[in-house]
Amino acid sequence: MEWKEALPLLQENHTGVASSVTPNGRAQSTIVSTAVLDGKLGFASRPHTVKLKNIERTGRATVTVIKLDTRRYVTVEGPASIEPWQDTPAHIKRLKDLYVAMGRVPKGTDEEFARQMREEERSLVLVTPERLYGSLRSGA
């Protein structure tokens, strides 16, 4: 599967399962909200989560985005980078861009959004598409 073929599903659907590998080699998965940002698949995470620790250690992640009503999906595997929480206007803007791309336009003022991000200390995780696969068509 090519990125351009997967892009419509990834841009229109934001429910995903992020998977990483624990130190003992087991899969660890969690539900995330996703969006395409900078040509990569992204999600936000609170600090000190198992998924962030695993991604920091391995530098990799897999995210499957699901179109719930038709059960079509795209899985994106690849190198993952973490933009750790920084209380800077640039980081808060990146988080806002991610939330907007998810279709979750922040309610309230920019300062209210910034305050929420400060309280949650959100990091941004971006997965570079190295391998893509899934089911985009009925009967596939």
Which residue is it: Lys93, Arg115, Lys96? I am looking for the one with a salt bridge (Lys or Arg N to Asp or Glu O under 4.0 Å) to Asp110. Lys96
For Glu111, is the CD atom crowded, meaning more than 12 foreign heavy atoms sit under 6.0 Å from it? yes
Could you state the interatomic distance from CD1 (Ile66) to CG (Asn13), rounded to the nearest 0.5 Å? 9.5 Å
So, for Ser45 and Leu52, which heavy atoms are closest and what is the spacing to 0.1 Å? OG-CG, 3.6 Å
Let me confirm one number: the OH-CE distance from Tyr99 to Met117, rounded to the nearest 0.5 Å. 4.0 Å
So the salt bridge (Lys or Arg N to Asp or Glu O under 4.0 Å) pairs with at least one residue in residues 23-33 (sequence neighbours excluded) are none
Going by heavy atoms in the side chains, are Thr75 and Thr62 under 4.5 Å from each other? yes
Going hydrophobic residue to hydrophobic residue with side-chain gaps under 4.5 angstrom, can you get from Leu95 over to Ile82? no
With Arg57 via side chain to side chain donor-acceptor pair (under 3.5 Å) - residues at least two apart: Asn54
Roughly how far apart are Arg94 CZ and Asp38 CG, rounded to 0.5 Å? 4.0 Å
Which atom of Glu120 lies closest to which atom of Pro47, heavy atoms considered: O-CD, 3.2 Å
If we only count heavy atoms from C-beta on, is the Ile92 to Arg118 side-chain gap below 4.5 Å? yes
Between Pro84 and Ser123, which heavy-atom pair has the shortest distance, and what is it? CA-OG, 3.5 Å
Minimum side-chain heavy-atom gap Ser81-Ile55 below 4.5 Å: no
Between Glu112 and Thr109 (side chain of the first, backbone of the second, donor and acceptor by atom type, cut-off under 3.5 Å), is there such a pair? yes
Are Val63 and Val36 grouped together when hydrophobic residues (ILVMFWY) are joined by side-chain heavy atoms under 4.5 angstrom apart? yes
Please report the interatomic distance CD(Gln28) to OG(Ser20), rounded to the nearest 0.5 Å. 4.5 Å
Without swapping roles, check the side chain of Arg104 against the backbone of Met102 for a donor-acceptor pair under 3.5 Å. no
Let me check something: do Tyr73 and Val32 share a hydrophobic cluster, defined by ILVMFWY side-chain heavy atoms less than 4.5 Å apart, either directly or through other members? no
Do Ile31 and Val17 have side-chain heavy atoms sitting under 4.5 Å apart? yes
Val65 with Trp3, same ILVMFWY side-chain cluster at under 4.5 Å: yes
Linked, directly or transitively: Met1 and Leu9 (ILVMFWY side chains, under 4.5 Å): yes
Begin from the C-alpha positions of Val74 and Leu41 and carry the test side chain to side chain contact (heavy atoms under 4.5 Å, CB included) through to its verdict. CA-CA 11 Å; Val74 170; Leu41 188 60; over 6 Å; no
To the closest 0.5 Å, what do you measure between OG1 (Thr58) and NZ (Lys53)? 14.0 Å
Using every non-hydrogen atom in the two residues, find where Gly103 and His14 come nearest and quote the distance to one decimal. N-NE2, 4.4 Å
Pair up each side-chain donor or acceptor in residues 125-133 with any protein partner under 3.5 Å, not counting sequence neighbours, and list the distances.
unit_1: Glu130; atom_1: OE1; unit_2: Arg60; atom_2: NH1; d: 3.3
unit_1: Glu130; atom_1: OE1; unit_2: Arg60; atom_2: NH2; d: 2.6
unit_1: Arg131; atom_1: NH1; unit_2: Glu77; atom_2: OE1; d: 3.4
unit_1: Arg131; atom_1: NH1; unit_2: Glu77; atom_2: OE2; d: 3.3
unit_1: Tyr133; atom_1: OH; unit_2: Glu77; atom_2: OE2; d: 3.0

Rounded to the nearest 0.5 Å, what separates atom CH2 in Trp85 from atom CG in Leu124? 11.5 Å
Is a side-chain N or O of His91 found less than 3.5 angstrom from the main chain of Arg122, in a donor-acceptor match? yes
